[in-house]
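In what follows, a single structure is set out as structure tokens and then discussed.
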Amino acid sequence: LGKERTVILATHIVSDIEAIADMILLLKQGKIMISGSPTEVMEQAVAQNPDIQSLEDMYLYYAEGKV
């Protein structure tokens with residue numbers, strides 16, 4: 001289905017995102033915190049915080065202010 005259409009998946013399960021997403025958009029309180037391909041998102045996140053080593057770390061950093 002996703003090959004022919006845009007599919008929006010809302011989840012907190014980072015492993016789901018890593019397995020299927022071509023594009024990631026992280027929203028917090030209605031604002032886009034970060035977006036791009038998984039590689040682009042990781043590059044942006046690491047530029048903000050070098051301690052980020054995975055998409056899970058990225059999620060925790062932006063969504064919960066942790067890492």
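The chain is numbered in sequence order, starting from 1.
Closest heavy-atom contact between M23 and P38: N-CD, 4.5 Å. Here the closest non-hydrogen pair linking S35 and L25 is CB-CD1, 3.4 Å. Residue M33 comes nearest to K28 through the heavy atom pair CG-CB, 3.5 Å, listed as atom of the first residue, atom of the second, then distance.
Scored by the side-chain contact (heavy atoms from CB on, under 4.5 Å) test, Q44 finds I34, E40 as partners (sequence neighbours excluded).
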Please step through side chain to side chain contact (heavy atoms under 4.5 Å, CB included) for the pair L55 and V41, ending with a clear verdict. CA-CA 8 Å; L55 284 177; V41 165; 4.3 Å; yes

Apply side chain to side chain contact (heavy atoms under 4.5 Å, CB included) to the pair L27 and I32, showing each step before the final yes or no. CA-CA 5 Å; L27 295 171; I32 299 172; 3.6 Å; yes

Name every donor-acceptor pair, under 3.5 Å, that has one atom in a side chain of residues 7-18 and the other anywhere in the protein, sequence neighbours excluded.
| from | atom 1 | to | atom 2 | distance (Å) |
| --- | --- | --- | --- | --- |
| T11 | OG1 | I13 | N | 2.9 |

